[in-house]
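First up is the structure itself, then whatever we jot down about it.
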2 protein chains.
Amino acid sequence: MTGRRQEIRERNRLSLIEAVLDSVAEKGISETSVSEIIQRAELSRGMIHLHFGGKDNLVDEAARYSSEQYYNGIYDLLETTGQTGQEHIEMIVRGDLSETILNKKNVSIWYAFRGEARNRAAIAAFSDTRDAKLRNLVFNAFARIAKEAGAEHPNQVARDATHGTLAMLEGMWTDYLLHPDSFDRDEAMRIVFRFLRAMFPKHFDLSGALLSE
Amino acid sequence: MTGRRQEIRERNRLSLIEAVLDSVAEKGISETSVSEIIQRAELSRGMIHLHFGGKDNLVDEAARYSSEQYYNGIYDLLETTGQTGQEHIEMIVRGDLSETILNKKNVSIWYAFRGEARNRAAIAAFSDTRDAKLRNLVFNAFARIAKEAGAEHPNQVARDATHGTLAMLEGMWTDYLLHPDSFDRDEAMRIVFRFLRAMFPKHFDLSGALLSE
DNA sequence: TCACAAAATGGACAATCGTCCATTTAAATC
DNA sequence: GATTTAAATGGACGATTGTCCATTTTGTGA
């Protein structure tokens, strides 16, 4: 009556995806075998073929799911703040460097998939989608800021600011990947905002001051 | 007489390492099998065990070799330029973004290894060594610049500048990884120098102007 | 040129990989 | 409660993995 059948089915499907992500985070892609996955999901061997048609499809789906989770996390944050360009940028930077998003598990998963992206079209596509969505969000915010700042070529300025900001955030993620325990979130934020303030002194004056410098 | 024996031996050893790097670049780590390696090296199956004791050791050695190559490339560049802090920084940035160092093969290899670094102690160690050496080089240059600029806390400023610059370069590498064909080296350099100029206006005034902006 | 030894070969081997399907389980319907 | 059928099981399967060693090749020194 309540569609219990389908409910269980979907729960199992999700279990498989999460088992893949757990395994990739803990053991890496090359050690994420069918045996490893079904053991973590506590399901039988045949389920992967039944739900996804094969292991590769399951792994692709896990990559897609993971990308979506990231983007949703950032997007949810944006709805909790104001609508000015600088508020958006601040929220994205803070979010991207927050414990909720930048943590050991997510970073492990993200870099593991990226390492394989070049050789797996499906994974590359999700990786691109995530980046493009984020880039779009950031660019739109900077475009508003650049126009307010009266820049001569606001689009060009916004492009550079987007490129620089995302590159820096990317670099901070790498720092975290390599040394998660000594990583200093405040320092990372301070440096990003130093860059932002250099580009748009008036817009990011306050935000910089809020961080101990 | 000329030690021909040892010469051949060492050539074969190197062939195996380069076969691993080629395979990792083209097919990724998970598809780099013993069969794949010996086929590329045109050597027999037993050679891996003979020279390295096993496949894992060979892969670790290939990671070490690759890290060393990168660092040597940067270091060689530094000996072709002047000794001021800004000359060093400029050379490192230009080198790190140059075709010789930032190319499809190197980037593929680097990210593939990094994706597995978390689960393989040896690879993580080489990755760390490379980063630490580079960081040291960059920090020393910035420390000189910060002192010349009369900064109040030159070490702290140098630390931030190092952190920010390396994070940005890291991000540029990621851009290149994801879109090697549309990547614009000049734009990447322009953005990094924009950051540098914002931190040290006097020292990076000229270098920025040299790039079309 | 011959004997020695270091180096290289390539196949045997057990272990593990992912796929797939005949069978069993259990929810949904009558 | 009996019947139907979608969902889940788990083992068989061939292919491929990395290791290892008995054998062959080949450079070196006598």
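Residue numbers begin at 1 in each chain, while the letters A, B, ... track the order of the sequences.
- Checked by distance alone, A/R5 brings no side-chain donor or acceptor within 3.5 Å of a matching partner on the base of C/dA28.
- B/H49 places its NE2 atom 9 Å from the C1' atom of D/dC21, with the value rounded to the nearest Å.
- Side-chain N/O atoms of B/H51 include none lying less than 4.0 angstrom from OP1 or OP2 on C/dA7.
- Here D/dG27 presents its C1' atom at 13 Å from CZ of B/R11, a figure rounded to the nearest Å.
- The CD atom of A/E36 sits 20 Å away from the P atom of D/dT17 (whole-angstrom rounding).
- Among the atoms of the strands shown, none is found under 4.0 Å from any heavy atom of A/I48.
- Across the protein-nucleic acid pair, A/R9 atom CZ and C/dA28 atom P stand 14 Å apart, rounded to whole Å.
- Under 4.0 Å is where a charged nitrogen must lie from a carboxylate oxygen, and between B/E7 and B/R4 no such pair does.
- The distance between atom CD1 of A/I37 and atom C1' of C/dT16, rounded to the nearest whole Å, is 14 Å.
- Ionic pairing of A/D181 and A/K104 is present here: one or more N-O contacts between side-chain nitrogen and carboxylate oxygen are shorter than 4.0 angstrom.
- For the pair A/R130 and A/Y70, the cation-pi test (distance below 6.0 Å, angle within 45°) is passed.
- As judged by a 4.0 angstrom heavy-atom cut-off over every strand, B/N12 is placed among residues touching the sugar-phosphate backbone only.
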> Do A/Q6 and A/E10 pass the side chain to side chain donor-acceptor pair (under 3.5 Å) test, and can you show the C-alpha distance, the side-chain angles, and the key distance before you say yes or no?
Replying inline: CA-CA 6 Å; A/Q6 196 175 347; A/E10 281 170 12; 3.2 Å; yes

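- The distance between atom CE of B/M47 and atom C1' of C/dG11, rounded to the nearest whole Å, is 17 Å.
- The CG atom of B/N103 lies 9.0 Å from the OG atom of B/S108; values are rounded to the nearest 0.5 Å.
- Heavy-atom nearest nucleotides on DNA chain D were determined for B/D56 and for B/I8, and the one closer to the 5' end corresponds to B/D56.
- Atoms CZ (A/R45) and P (C/dC17) sit 8 Å apart, rounded to a whole Å.
- In this structure, B/Q6 places its CD atom 11 Å from P of C/dA8, rounding to the nearest Å.
- Taking every side-chain heavy atom of A/S44 into account, D/dA8 is the closest of D/dA8, C/dA28, D/dG27.
- Remark: A/S35 is not in phosphate contact with C/dT16, judged by side-chain N or O atoms under 4.0 Å from OP1 or OP2.
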